[in-house]
Amino acid sequence: TSTFDSNAEGWTIYGSATDIWHSSGSGGYIGFAETVLVSYFYHSYEAPDTWDGNWTSNTNQAITVDASWFATESIGIPLVIVNISSDTGGSMHLGQYYNASGWNTLTFTLDPAQFTIDSGNFANILADVDNFNIWIERPGGQITGYSIETAIDNVSIPYAPTTAPVPIPPAILLLGSGLIGIWGVR
């Protein structure tokens, strides 16, 4: 879980400045504001490596995120997309639109029937997650010149990702089996 109460907790925003943490009185959040110079826009919030690992125990569990979207003009409905990928297993994503400006709590269930698999398969991706990010975007249409601020807070998954067990070096296994063999000969 990342609550961002006192800092950015290792999260970054792809392609932006590093000063992304903002105090909100009783805690904080991470966010970024810019004047959009192109017609298609998104901010990608990248989780730190501590979120990497085996997520298989999270199958059919919910990822929740508080997301916000503020714009100087009414320029459409924002889309929040959860992206999960693995170097060995492929990638997948799931998006939700929301209408309200300000903070909204969104829930994404880790269900293979809900995610769009871009490559690989659901089980292999969750077994070796090495990239988790949250996009807030406004797809399509002309929005050049508007000021937009996005932010996220309280990102959670039900269980901490587990890392692969550290393999026992073959020499230690060989030593152990040799000692057992010597003990057995006595």
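These values consider heavy atoms only, across backbone and side chains, with no hydrogens, waters or symmetry-generated copies. Just so it is clear, the structure is predicted and the values come from calculations on it, not from any experiment. In what follows, residues are counted from 1 in the order of the sequence shown.
Inter-residue side-chain proximity for M92 and L126 is flagged as met; some heavy-atom pair is nearer than 4.5 Å. For the pair E149 and F32, the minimum side-chain heavy-atom distance is 4.5 Å or more. Counting heavy atoms from C-beta outward, I63 and W55 have side chains that approach closer than 4.5 Å. Residues V155 and I134 have side chains in contact (heavy-atom distance under 4.5 Å, counting atoms from C-beta outward).
The CD1 atom of I20 lies 4.0 Å from the CD1 atom of I30; values are rounded to the nearest 0.5 Å. Distance check, rounded to the nearest 0.5 Å: OG of S44 to CD1 of I136 gives 10.0 Å. Separating the OH atom in Y45 from the OG1 atom in T150 is a distance of 2.5 Å, to the nearest 0.5 Å. Atoms CG and OG1, from L110 and T59 in turn, are 7.0 Å apart once rounded to the nearest 0.5 Å. We find the CG-CG distance between L79 and L106 to be 10.0 Å, quoted to the nearest 0.5 Å. To the nearest 0.5 Å, atoms CG (N133) and CH2 (W11) are separated by 8.0 Å.
When atom types are taken as modelled, the side chain of E137 and the backbone of H43 share no donor-acceptor pair closer than 3.5 angstrom. Under the 3.5 Å distance criterion, the side-chain polar atoms of N83 are left unmatched by any main-chain donor or acceptor of H93. Without hydrogens or angle criteria, N58 side chain to Q61 main chain gives no donor-acceptor distance under 3.5 Å. Looking at W21, its side chain does come within 3.5 Å of a backbone N or O of F4 through a donor-acceptor pair.
Looking only at atom types and distance, the side chain of D128 has a donor-acceptor partner in the side chain of T88 under 3.5 Å away. A donor-acceptor contact closer than 3.5 angstrom is absent between the side chains of S86 and D130. A donor atom on one side chain and an acceptor atom on the other are found under 3.5 Å apart for S2 and E9.
Y29 approaches A151 most closely through the heavy-atom pair CD1-CB, 3.5 Å. When all heavy atoms of S156 and T1 are compared, the pair lying nearest together is CB-OG1, 3.4 Å. In terms of heavy atoms, N60 sits closest to P112 at OD1-CD, 4.4 Å. Nearest heavy atom pair, residue S91 against residue S85, reads CB-CB, 3.6 Å.
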Evaluate the criterion side-chain contact (heavy atoms from CB on, under 4.5 Å) for residue pair N131 and E46; output intermediate values, then yes/no. CA-CA 8 Å; N131 188 330; E46 310 280 335; 3.7 Å; yes
Start with the C-alpha gap between F115 and T109, add the side-chain angles, then the distance that decides, and say whether side-chain contact (heavy atoms from CB on, under 4.5 Å) holds. CA-CA 9 Å; F115 272 78; T109 302; over 6 Å; no
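Relative orientation of the W51 and F132 rings is parallel, given thresholds of 30° and 60° on the angle between their planes.
Put simply, the residue from D5, T3, D66, T64 that forms a side-chain hydrogen bond (donor to acceptor under 3.5 Å, both in side chains) with N154 is D66.
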